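A quick write-up on the structure given underneath.
Just so you know, ligand 1 is whichever comes first in the structure, and atom 1 is the first atom listed for that ligand. Here the structure is a predicted model, which is why all the values come from computation and not from measurement. When a residue number appears, it is its place in the shown sequence, counting from 1.
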Amino acid sequence: MSYFIVIYAFKNRKVLSLKLRRKKNKTMEIIEILREASKRIYENVKELAGTEDAAGDFGRGAGGDISRNIDIIAEKTVLDYLKEINFECIVLGEECGRVELSKNSKGFVIMDAIDGSANAVRGVPFFCSSLAFAIEDKLSSITDGVITNLSNGDMYWASKDKGAFLNKSKIKVHDKEPIYKIIGINTSGATPELMKKLHPIFEQHNHIRHFGANALEMAFFARGIIDIFIDLRNKIRVQDIAAGYIIVKEAGGLLLDADLNLLDTDLSYKTRISFIAASNQKIIDDIISQIKK
Ligand code: IPD
Ligand code: CA
């Protein structure tokens, strides 16, 4: 075989593999891309949580918190995968900030590769990854979202108008009077003023919960095992709630801001959010009537 035949075969193989990659890209739904990226995070970090290695300090990330080794590994997993499949998008990562993977972007991948980093570093088995896709610079333009519980691999996912799922099963928020009403309230770092306002809720309800990873708590709400989830601290970032936003909506939940308007915001790093996720207006009215003015 001559030298030229070898060169020709090699060049053709290259062309062929590029075509396959492009074809794969075209046929892959966005939700499949997010699911695969999320699965890869789980594979790469599942043995790391709670180890000394998870904690390594990489300075402050774009979201303002210290980036830990486990955060960096999880984000790199997603960025590497999106590059591998040539997904044309802009990534808005909690640690890495805005990363333009293409000049011809189809939209934004909003990434909190590890939500509940403190739990992940200490080994408390309640942390997750949150990946969402938005067409525009707005929460309400999110079309797809995936939250993976990184302590057991459970995957919550939803696409606009197609319903919400936990692994292969469809999920819905809990819309009936429950045996035990479970109220999720994020009070981490809440001001004394906010604690005062919320105090009547703590007095009147025995089953108040906060687990330390907003995205996974939204997924639990969407699945119907928490009846309402409240975060009025004005601290949460878009990255923490983007996937939860579409999963809650597709599971039939209501998402309101602190003024009880439908929740929406831009995707800026500066934006901080308060929100209430509830299954119906009645439970919102009940709780709101208990919050002190
Ligand atoms: C945190 C979690 C936590 C909330 C914090 C967030 P992170 O996200 O969602 O529940 O109380 O405000 O910062 O920093 O672990 O991605
Ligand atoms: Ca995070």
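- Set against the non-hydrogen atoms of S117, the atoms of ligand 1 under 4.0 Å away are 15 (O).
- The shortest distance between side-chain heavy atoms of E100 and S105 does not fall below 4.5 Å.
- Separating the CD atom in Q281 from the CD1 atom in I288 is a distance of 9.0 Å, to the nearest 0.5 Å.
- Contact check for F211 versus I226: side-chain heavy atoms found under the 4.5 Å cut-off.
- The shortest N or O to N or O distance between G116 and ligand 1 is under 3.5 Å.
- For ligand 1, the atoms closer than 4.0 angstrom to any heavy atom of N214 are 2 (C), 9 (O), 10 (O).
- Taking a cut-off of under 4.0 Å to the non-hydrogen atoms of I114, the atoms of ligand 1 that pass are 16 (O).
- Between E94 and ligand 1, at least one N/O pair is under 3.5 Å apart.
- A cation-pi geometry, defined here as NZ or CZ lying under 6.0 Å from the six-membered ring centre and within 45° of its normal, holds between K46 and Y42.
- Counting non-hydrogen atoms of neighbouring residues, nucleotides and ligands closer than 6.0 angstrom, the CZ atom of R272 exceeds 12 such neighbours.
- You'll find the side chain of V91 reaches within 4.5 Å of the side chain of L79, heavy atoms only.
- Of all protein heavy atoms, the one lying nearest to atom 1 (C) of ligand 1 is D115 OD1, 3.7 Å.
- In terms of polar-atom proximity, A213 is counted as a contact of ligand 1, with an N or O under 3.5 Å from an N or O of the ligand.
- The protein heavy atom nearest to atom 4 (C) of ligand 1 is N186 ND2, 3.5 Å.
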Distance-only donor-acceptor hits, side chain of residues 174-183, under 3.5 Å, sequence neighbours excluded:
residue : atom : partner : partner atom : Å
H174    : ND1  : K176    : O            : 3.2
H174    : ND1  : D227    : OD1          : 3.3
D175    : OD1  : N280    : ND2          : 2.6

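- Close contacts of ligand 1 with D65, meaning ligand atoms under 4.0 Å from a residue heavy atom, involve 13 (O), 14 (O).
- The shortest distance between side-chain heavy atoms of F127 and V121 does not fall below 4.5 Å.
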*Just do the side-chain contact (heavy atoms from CB on, under 4.5 Å) check on L101 and F87 with the steps written out, would you?*
CA-CA 8 Å; L101 292 184; F87 188 52; 5.8 Å; no
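- Listed by chain and residue number, the protein N/O/S atoms under 3.0 Å of the Ca ion (ligand 2) are E94 OE2, D112 OD1, I114 O, with waters left out.
- Using a 4.0 Å cut-off between a side-chain N of Lys or Arg and a carboxylate O of Asp or Glu, R237 and D240 qualify as a salt bridge.
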*asked:* Applying side chain to side chain donor-acceptor pair (under 3.5 Å) to S130 and D115, what does each step give before you reach the verdict?
replied: CA-CA 7 Å; S130 165; D115 183 50; over 6 Å; no
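- Short contacts between ligand 1 and G212, defined as distances under 4.0 Å to a heavy atom of the residue, involve ligand atoms 2 (C), 3 (C), 10 (O).
- Applying the 4.0 Å criterion to heavy atoms of R237 picks out, from ligand 1, the atoms 6 (C), 7 (P), 8 (O), 13 (O), 14 (O), 16 (O).
- Heavy-atom proximity to D112, at under 4.0 Å, picks out these atoms of ligand 1: 16 (O).
- Protein heavy atom nearest atom 5 (C) of ligand 1, with residue, atom name and distance: R233 NH2, 4.0 Å.
- More than 12 heavy atoms of other residues, nucleotides or ligands sit less than 6.0 Å from atom CD of E43.
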